Engineer: 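There's a structure below that I have some questions on.
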Amino acid sequence: MQRLMKNTLRSSRWNLFLVLILILELVIFGQMNDRFLRVDTLLNSFDNFAGIAIIAFFVTFVIITGGIDISGGSIVGLASVITGILYQVAGWNIWLAAAAAIIASGLCGLLNGLLIAYVGVQAMIITLGSMLLFKGLAILLFGLSGVSVAEGISKFPTEFTDLAHIKLFGVIPMYLAVFAVMLLISYLLLHRTRYGRYIYLIGINPNTARYSGINTKRIIASTYVLSGFAAGISGVLLTSYLWSARAEFGETYLMPMLTAVVLGGTLITGGKGGVIGTALASIIVGFLQLGLQLGGVQSQYTGLAVGLLLIVSVVVLGVSGMNLRIKGVLNVKKDRGGNQNA
Amino acid sequence: MSRMSQISVSVFHFLRKHREFRTFGFLIALFVIVGIFNASYLTPDNMENSVRSSVVYIIMATGMTFVLLTGNIDISVGGVLGLSAAVSATIVRNGGSIVTAFVAVIVIGLIIGLLNGLGVSVLKIQSFILTLGMNEVLRVVQVIFQGGRNVEGLPTSFQRITQHEILGVSTLSIVVILLVIGIHLFLSMNRKGRYFAAIGDKEEGAVLAGIPVKRYKIYAFMMSSVCAAIAGLIFASRIGNNIPTTAGLGYEMTVIAACVLGGVSLAGGVGSVLGATIGAIFMTSISSALVFLKVDAFWKDVISGSLLILIVVFDMLLIHRNNQKAKKQRLNARVLEIRKEM
């Protein structure tokens with residue numbers, strides 16, 4: 001019990017650290033520019049990063065099992081193109097088209113999951129291939145349907161394009177609402193269900209998980225399906241937000257997405273992490289970009305701050321980890337002495 | 001019968017031990033299949049051309065193999081390539097000699113590699129995260145260095161490095177292939193060269209065997225960055241003019257894919273630079289094959305993505321089947337032995 005408490009404290013310490021960074025950001029950027037601290041500015045800024053964050057929540061699942069999914073960005077583009085083509089070329093109802101796009105994204109994730117879990121190829125390589133494949137499919141669909149890739153599809157009905165611009169209760173932007181709902185779903189799944197515990201166990205030791213009767217293959221595959229669904233939702237939202245369907249949507253999502261997961265304290269080798277950290281980290285990165293832009297820094301330079309933040313935070317994590325290791329070494333020595341006496 | 005099975009066992013052993021020859025088989029298959037549709041793909045000219053156009057990837061994959069062998073990963077190579085392309089092009093444009101540019105590029109590679117290596121070995125930061133952050137930082141440093149503009153007005157003499165030929169064969173390709181063979185011999189025959197694979201195979205074991213693990217990890221990262229930096233110089237020379245700020249964007253993923261196709265394990269300890277080189281040639285041959293097959297441009301990503309997936313899946317199934325066969329043979333042999341004894 002005591003050990004459990006200690007572990008919880010240790011993992012929540014990183015979240016505490018993230019909250020501190022967030023407060024520091026609010027204070028510093030608030031000092032620099034008083035527009036930053038206005039509630040509607042902060043809430044609206046979710047439009048810029050929530051699309052990335054909702055994929056990152058479920059990529060966190062994948063990474064905890066010890067895999068990785070870098071194909072999310074391409075699925076965003078594919079979902080957008082499928083929505084557009086089904087609506088404009090095939091003449092479907094827009095909501096039906098959007099639903100079909102999300103289901104297709106789930107199937108994309110299923111392809112990844114089946115190949116990784118059942119064939120046993122390294123996740124990095126399969127999702128690298130499918131990243132190319134899905135992006136290619138999006139371009140191919142445009143090519144076959146005769147719509148110009150450069151122009152994209154942009155004649156959507158207003159009830160669809162309004163979707164991402166709705167303000168719930170007049171204040172909460174749609175993106176923030178989706179962010180919150182997806183965070184809640186992923187939190188409940190990962191931290192409050194048996195399924196979530198299995199995901200951690202597979203990440204810590206897949207053999208143990210298999211020997212204790214868990215269908216590891218099915219669970220690993222399911223994490224990729226969830227990540228595909230999330231990317232599809234993100235793609236449909238982005239289509240609605242930008243009023244058009246394009247194949248290159250989501251192309252720049254990969255690095256910010258991985259940054260959010262990793263900065264959130266999830267171990268890239270699996271077995272440790274959580275969605276709360278991912279959510280906090282994506283808010284930190286989003287506010288950092290917002291603050292720098294309000295401070296007059298061009299958007300192409302904000303990557304420097306994001307990269308430095310990532311490095312500095314892992315250095316801090318590394319140094320604090322080193323303290324723990326030193327303690328561990330001392331403990332081992334003590335144990336050895338004890339054994340000799342016995 | 002037993003002789004046949006012996007041969008098949010030895011062939012299997014050869015293939016299992018020499019994964020790079022399997023990739024070579026795939027490469028030959030690609031050439032033959034494309035050659036059936038278009039005979040001009042099989043001309044020596046085109047084969048020389050595919051080596052020539054993959055030189056940048058070959059160099060990067062060689063460096064990456066060192067890092068992958070130690071069980072780490074280097075995502076920052078794309079950023080290193082971009083920065084060194086920008087720096088070398090600027091030096092040459094401002095009247096500096098190519099030797100000066102070469103030295104500058106090597107220094108850049110050494111410094112970045114040292115930083116990566118120190119972070120990974122001393123601070124114990126996960127290489128994936130550290131180099132991911134480093135990549136973001138380097139991208140912005142490159143944009144700042146170029147002032148957000150392309151590097152223009154390069155003298156034509158700069159292109160001569162990549163255009164020089166001996167007997168119609170690119171000098172650069174010959175030099176690079178010879179160097180790769182040299183490095184391959186170093187990594188597989190030399191005692192110190194074997195250290196890299198030993199570290200990735202089992203780090204604790206390497207420590208107990210007296211290998212200076214930290215130092216060799218730093219060497220591996222320096223090797224990777226220096227290779228990427230040299231590749232950057234060649235990249236700039238090949239483009240010749242108008243070096244974009246996006247130079248090398250996404251190259252890291254292609255290089256890692258090339259290494260894995262060539263049999264380098266992401267888990268460390270297994271692989272060779274020869275395999276990585278064949279993987280790199282394969283990656284570029286896929287895109288050149290599409291030109292020869294005269295397919296529409298919008299098919300490109302679909303075909304390269306699905307080919308990559310098909311090959312790794314096929315390869316994995318081959319391994320599974322061979323493993324099962326070998327297991328059965330071992331079992332049979334054991335049963336026979338027991339019968340003889342009885």
Side-chain angles (χ1 to χ4, degrees), chain A residues 68 70-71 74 111-112 115 119-144 149 247 251 254-256 258-259 261-263 267-269 298 300-315 317-319 321-322 325, chain B residues 73 75-76 79 115-116 119-120 122-144 148 245 249-250 253-254 256-257 259-261 265-267 286 296-317 319-320:
Chain A
I68 192 165
I70 57 177
S71 68
S74 295
L111 176 73
N112 282 336
L115 291 178
V119 183
V121 193
Q122 279 165 336
M124 178 91 176
I125 281 312
I126 285 292
T127 53
L128 180 72
S130 62
M131 182 169 82
L132 274 175
L133 176 64
F134 299 149
K135 191 179 133 211
L137 275 178
I139 297 170
L140 182 68
L141 280 175
F142 261 149
L144 292 180
V149 179
E251 243 175 12
L254 175 61
M255 289 302 163
L258 289 179
T259 306
V261 176
V262 165
L263 185 61
L267 219 57
I268 203 81
T269 44
Q298 279 178 344
Q300 56 182 351
Y301 298 128
T302 53
L304 185 66
V306 175
L308 282 179
L309 180 69
L310 188 63
I311 293 178
V312 169
S313 60
V314 285
V315 167
L317 194 67
V319 170
M322 214 180 308
R325 256 198 305 283
Chain B
I73 200 166
I75 312 277
S76 68
L115 287 177
N116 282 338
V120 169
V122 178
L123 291 175
K124 309 267 179 197
I125 303 170
Q126 300 237 333
S127 54
F128 188 95
I129 308 171
L130 179 68
T131 54
L132 183 72
M134 185 62 88
N135 196 36
E136 299 266 304
V137 171
L138 290 176
R139 285 255 148 254
V140 181
V141 170
Q142 186 198 349
V143 173
I144 293 173
T245 52
L249 197 68
M253 293 304 168
T254 315
I256 293 168
C259 287
V260 172
L261 267 181
S265 162
L266 290 181
I286 291 178
D296 276 320
F298 52 72
W299 281 93
K300 182 180 166 257
D301 283 344
V302 175
I303 293 181
S304 14
S306 32
L307 257 183
L308 184 61
I309 294 176
L310 277 178
I311 286 170
V312 285
V313 167
F314 180 73
D315 197 52
M316 203 65 195
L317 294 176
I319 293 174
H320 274 312

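If you're wondering where the values come from, they're calculated on a predicted model, not measured in any experiment. Residue numbers begin at 1 in each chain, while the letters A, B, ... track the order of the sequences.
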Engineer: How many angstroms lie between CG in A/Leu267 and CZ in B/Phe128, if you round to the nearest 0.5 Å?
Structural biologist: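 Here the interatomic distance stands at 12.0 Å.
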Engineer: Work out which heavy atom in B/Met316 is nearest to a heavy atom in A/Val119; give both atom names and the distance.
Structural biologist: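 Shortest heavy-atom contact: CG-O, 3.3 Å.
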Engineer: Relative to chain A, which of B/Asn135, B/Leu132, B/Leu307, B/Leu130 shows the most heavy atom pairs under 4.5 Å?
Structural biologist: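 Looking at each of B/Asn135, B/Leu132, B/Leu307, B/Leu130 in turn, B/Leu132 comes out on top.
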Engineer: Using a 4.5 Å cut-off on heavy atoms from C-beta on, say whether the side chain of A/Leu133 contacts that of B/Ile309.
Structural biologist: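 The answer is yes, as the side chains (C-beta and beyond) meet within the 4.5 Å cut-off.
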Engineer: So for A/Ile68, is it side chain, backbone, both, or neither that comes closer than 4.5 Å to the heavy atoms of chain B?
Structural biologist: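 The side chain, not the backbone.
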Engineer: Which residues pass the side chain to side chain donor-acceptor pair (under 3.5 Å) test with B/Thr131, not counting sequence neighbours?
Structural biologist: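 In terms of side chain to side chain donor-acceptor pair (under 3.5 Å), with neighbours along the sequence ignored, B/Thr131 is linked to no residue.
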Engineer: Heavy-atom distances under 4.5 Å only: say whether A/Leu141 touches chain B with side chain, backbone, both or neither.
Structural biologist: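 Nothing of A/Leu141, per the 4.5 Å heavy-atom cut-off to chain B.
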Engineer: Does a side-chain heavy-atom distance below 4.5 Å link B/Val313 with A/Ile126?
Structural biologist: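 A side-chain contact exists here, since the closest heavy-atom pair is under 4.5 Å.
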Engineer: Say you draw a straight line from CD of B/Glu136 to CG of A/Leu258; how long is it, rounded to the nearest 0.5 Å?
Structural biologist: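 B/Glu136 CD to A/Leu258 CG: 9.5 Å, rounded to 0.5 Å.
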Engineer: Any non-hydrogen side-chain atom of A/Met124 less than 4.5 Å from a side-chain atom of B/Ile256?
Structural biologist: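 Yes; the side chains approach each other to less than 4.5 Å.
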Engineer: Please list all pairs meeting salt bridge (charged side-chain N to carboxylate O under 4.0 Å, His left out) that have one or both residues in residues 123-137 of chain A, counting only residues at least two apart or in different chains.
Structural biologist: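 Residue pairs passing salt bridge (charged side-chain N to carboxylate O under 4.0 Å, His left out), neighbours aside: A/Lys135-A/Glu251, A/Lys135-B/Asp301.
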Engineer: If you compare all heavy atoms of A/Leu128 against all heavy atoms of B/Ala257, which two are closest, and at what distance to 0.1 Å?
Structural biologist: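 Heavy atoms of A/Leu128 and B/Ala257 come nearest at CD2-CB, 3.0 Å.
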Engineer: Can you tell which of A/Val262, A/Leu254, A/Leu137, A/Ile125 has the highest number of heavy-atom pairs within less than 4.5 Å of chain B?
Structural biologist: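 Among A/Val262, A/Leu254, A/Leu137, A/Ile125, the one with the most close pairs to chain B is A/Ile125.
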